[in-house]
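Just so it is clear, the structure is predicted and the values come from calculations on it, not from any experiment. Just so you know, these numbers use all the heavy atoms, side chains as well, and skip hydrogens, waters and symmetry mates. To find a chain, count down the sequence lines: A is the first, B the second, and so on, and within it residues start at 1.
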Amino acid sequence: MNLYEYMGKEIFSSFGIPVPSGYVIHDVADLKPLSGSVVVKSQVLIGGRGKSGGIKFASDEAQLKEAVTGLLGTKIRGYTVSTLLIEEKINIAKEYYVSISLNRTERKPLIMASASGGVEIESVDPKEIYTRIIDPLTGYSDYIGREIVSFLGLQGEVASQFRSLLSKLYKVFKEEDCELAEINPLVLTAEGKVLAADAKVVIDSDSLYRHQKYNVTDPEKTPLELEAQGKGYSFVEMDGLIGVIANGAGLTMATLDALTLHKGNPRNFLDLGGTDSIDIVVNAFELVLKANPKAILVNIFGGVTKCDTVASGITAAKAKFNISRPIVVRLSGVREEEGREILKNNGIQAYSEMMPAIEAVVKAAGGA
Amino acid sequence: MNLYEYMGKEIFSSFGIPVPSGYVIHDVADLKPLSGSVVVKSQVLIGGRGKSGGIKFASDEAQLKEAVTGLLGTKIRGYTVSTLLIEEKINIAKEYYVSISLNRTERKPLIMASASGGVEIESVDPKEIYTRIIDPLTGYSDYIGREIVSFLGLQGEVASQFRSLLSKLYKVFKEEDCELAEINPLVLTAEGKVLAADAKVVIDSDSLYRHQKYNVTDPEKTPLELEAQGKGYSFVEMDGLIGVIANGAGLTMATLDALTLHKGNPRNFLDLGGTDSIDIVVNAFELVLKANPKAILVNIFGGVTKCDTVASGITAAKAKFNISRPIVVRLSGVREEEGREILKNNGIQAYSEMMPAIEAVVKAAGGA
Amino acid sequence: MSVLVDKETRVIVQGITGHQGKFHSGEMLKFGTKVVAGTSPGKGGTEVNGIPVFNTVRETRHLNPDATMIAVAAPFVKDAAFEALDAEIPLIYILTEHVPFHDTMEILYHCRRKGVTLIGPNGPGVTAAMDCKIGIMPNHIFKKGDIAVASRSGTLTYEIVGALTRNGFGQSTVIGLGGDPVVGLTFIDVLKMFENDEATNKIVLVGEIGGTNEERAAEYIKSHVSKKVVAYITGRSAPPGKRMGHAGAIVEKGMGTAESKIKAFNHAGVEVAEYPVDIPSLIK
Amino acid sequence: MSVLVDKETRVIVQGITGHQGKFHSGEMLKFGTKVVAGTSPGKGGTEVNGIPVFNTVRETRHLNPDATMIAVAAPFVKDAAFEALDAEIPLIYILTEHVPFHDTMEILYHCRRKGVTLIGPNGPGVTAAMDCKIGIMPNHIFKKGDIAVASRSGTLTYEIVGALTRNGFGQSTVIGLGGDPVVGLTFIDVLKMFENDEATNKIVLVGEIGGTNEERAAEYIKSHVSKKVVAYITGRSAPPGKRMGHAGAIVEKGMGTAESKIKAFNHAGVEVAEYPVDIPSLIK
């Protein structure tokens, strides 16, 4: 789960990482009197916010009001701005980059730092980036900070601030179950203070039960995907014509792949999961129907999810939603015969192999 | 460093371990109005406090005043009572024992629990004691608590309170650098609440730099031992006649052992440590002289501590304190010849072997 | 001898009184697995499917378990794994989905230091046809043979194993690695085992988008694997940035695409099937 | 080959610019030890005794260190040890006194899981006469020979090694275990090494009051050590409950007495010297 900048900064601040002073508003009426120059930052979860005009500066009340009214309610790359962070303007002497993330290849945390901050880290020469895989059992220890300040050429008081901040950033990463805790830019001010001028924090969604304070709607998800998420389905909308219901993430992906290779592009990814229940099948149909596919393919390899349960779900859904568009079913595995019998009685012929079902549904949708 | 009960309970409380409500007084004037029956507990660092009359109960103001005046200033097994803990009287339904300590053999933490609380754990049948060595890297985890409540036959809400308390006790042990964190008795009240009715916390003295809030004078130490501690010496007073100054804990102990086997009992243990300094030698003599031995043995194996430095220290001390009692010196190792020369010029003959020096000092002290 | 488990493997189930524990312990018994005990705090002394239930893993020690299946809810998985580690059980399989990856990292590296094998989380387990099954794979799909299968997904594994069996290709060991971004075994780990396993002559790898596990395996195969390897990769049609069911199945910043994995395997001389059902014709 | 260190061992000193680091790195050089680098944050680029100084251990990697001596102040020891572990240096010796034992426990078990040998804290180090010295033992006391010495104390070790040398008994390896309640090596650990060491024919153990390290060693010797072992135990005259200089040298609740240790050694057929100077006559 991606957190908004202001949420990331709230977390940073609670761990003792210095951030610019500021506050959040949702309405121009929430503005507090100005006590100096400020920056007004749109809270959206997409990159390139500055270039898209999502960040404005103000040094008097009129400019501030103009900036706020000019940003609230507008769209940045398709996403509506409903929240602004009003922050003191800081005097930037130098911009750095630091992040801690999960490195999937090593299955360990990765810490990165660079003196080239304020730009996308991918655009920085790797030689200019300090990287170190962290042993998750010993965790962060000060020698890593000492290596980093040595790499960045920092000394004295600034180096101490950096080391202290890095140790706290690792605490954030670990205690808040982050996939990513990134500060870009990490600013050294003209006054010699080290500050997190931005915050990109991604929390492992599987850990949310122990961080119930976060509740961010993923802006990249479509309304239908959000509805599916609320109902506990893994669901991804795609731009094809064939609705897909399958069981298991791997089998569902394989089904999409097979459809695509047969030029019968899928309308969605929907994994029934490992629960054996008629209702889960019926509700899956409801979701897929909302995506309005030309035909629906159900691909089941019965194990914990039994074929007869799925068959009953299909017939129940067909009746409940009065489905007239083609439904192609493939049933294999546990209680396959019973399932086929149930469908047959309801006028649906079920395939036992995957490939004929793929071909049939592509044909039914009017494809190749 | 042993902490007083009330200090241990303050720590427990700051980690969320429930303790009876109470307060500390040093003077009868500090008493607060009574709101129910209380127990008045002398804060002394020795066992068997209850049996020695150090704990009294009071259920009205008169009894309370009597208890307090009767305890403050009295001596319990030689130690003066200057602090009292006034605590609400709790309704004990059952007493348990729990502790976490360093097990030196395994070099790991050891957790112990028993349904036989309120008595010395050494007197409890080992079969009645749950014990488990804890892996210091995984630390305490709830399964240990589940094993303990299963062992103690606890269920439901009381079991939950126990598990929560045990997890906090491990945090105390680890985060406060304890050698021992013991609750005896751990009380289940008639109202179903689990409370730490006593607290025995021993902090690793080497960790005190990160726990500067503790400052307890070890009541087992003599005034001279405390003075030596303040000056940075490892010093133990003993009841013999021969003062000892040596370098290294092992060599110093070996010197005491050799003296004892020669029926020349030592007056003290004093380890010069590994610093090469004349002043350290002079100050060591000052301490040993305060113990008023019949003769003084200096036993040095020169390495980092060089023999000529020690020799200069001896002659400086002899002059400064005008020492007339016999000083027997053994010098071996680095700069041995130079040291012997310095001493010879000051009328002291230095042995190069340990045993002749032992024999000489025993004789000089008037021994066998 | 098969890889990891065999006829003699003595298995316990942590969380045996839950829905999953109850159902799958019964299925494992039917498969022939020696399920010697289960645990469930406060339910010691009862039975599930005729299997004795204990309060703690420590109480099962006299039964000398060789492996445990952890089927408790995600928030309790780390504690259950630590309990198994403390009891020195040499193989830990975690069935549970949605375990926070920070927990899995801790579990994994504690397993490593104690020489314990971790399978999962969020995978179907391991089966040595027809000797032992630990996990949730359907019983009826297996046939004993010389093909080892390792996969990042569950149902797709059954599809492929089913196809192998129908075409007469039996299996030596089938392992589901798990669909999380951090899991106990990598393809390289299992390739080592398969290469050294006398019962295995050919190897099937079933990968998916996300991470670089397959690319690394391809490199490893070039220099360390003499047995025939074929593969299937799923997620060719997955839109970038979207998690496809598994927490680990996501293409991020151009990393972990199906193309990259297929290319890597081809470079290593590993044929990659277009459809799952093509695996039998490639392996023969 | 000697135990733990030899002529080829490449040593770095963490905290080389401090008082101890400076002095002992010079002494080690004189002994013939290959001290290849030192570290001191912010002092990279300087030299101590002609030894190049770096800011971090990572920067010394190109010098392929085999061992490190940690000579930083107690509060920084854990971090220094983790730095050495991360750089995969296979032997860590901690000179520092007063390290909190909770820190040492962590260091020790992280060393274990990475297969790293930990010596100390609070001990004089290890010397392979006359090939390599890591630590603070005086250079002049050694003579090459076939006697291995392990001890819980510093100066007393020198006393005994000096007596051995004077009496013509050379040493293969001399190890100071350290005087803290938690240290890296136990007597059993070093007995294993000595038993397998071709350069060692006889063994001297120097124990002291506190803990049960000596009692365990005695048990171990009975069944695992074929070489002649003699011992000296100090602290016979120590009053109970008093720490005798070393944090670990204390008799508590009747545990860890000299009597118990002497008795255990005698039961194992290990002669125990009355005085340190008696060791040469027992070993011959």
Run the numbers on E252(D) and R104(B) for salt bridge (charged side-chain N to carboxylate O under 4.0 Å, His left out), then give the verdict. CA-CA 11 Å; E252(D) 285 174 307; R104(B) 287 188 44 169; 5.1 Å; no

Compare all side-chain heavy atoms of Y275(D) with those of L261(B) and state whether any distance is below 4.5 angstrom. yes

Under 4.5 Å from any heavy atom of chain B, what part of P181(D) do you find: side chain, backbone, both or neither? both

Check for a donor-acceptor pair, side chain of S207(B) on one end and backbone N or O of P100(D) on the other, with a separation under 3.5 Å. no

If one checks every heavy atom of V99(D) against chain B at 4.5 Å, the contacting part turns out to be backbone

Heavy-atom cut-off 4.5 Å, strictly under: side chain, backbone, both or neither for E208(D) against chain B? side chain

Donor-acceptor under 3.5 Å (H140(D) side chain, G333(B) main chain): no

Side chain / backbone / both / neither for F301(B) at chain D, heavy atoms under 4.5 Å: both

R236(D), H246(D), E159(D): which one forms the most heavy-atom pairs within less than 4.5 Å of chain B? E159(D)

Shorter than 4.5 Å, heavy atoms on both sides: which option in R216(D), E215(D), E274(D) has the most such pairs with chain B? R216(D)

Show the numbers, then the answer: is there a side-chain contact (heavy atoms from CB on, under 4.5 Å) between H102(D) and F173(B)? CA-CA 9 Å; H102(D) 279 267; F173(B) 176 75; 3.3 Å; yes

So, the part of E106(B) with a heavy atom under 4.5 Å from chain D: the answer is both

Measure E179(B) against the heavy atoms of chain D and call it side chain, backbone, both or neither at under 4.5 Å. both

Among the options A247(D), A238(D), A163(D), G210(D), pick out the one with the most heavy-atom pairs lying under 4.5 Å from chain B. G210(D)

For chain B, find which of M137(D), R152(D), H24(D), K242(D) contributes the most heavy-atom pairs closer than 4.5 angstrom. K242(D)

Can D103(D) and R210(B) be counted as an ion pair, charged N to O under 4.0 angstrom? yes

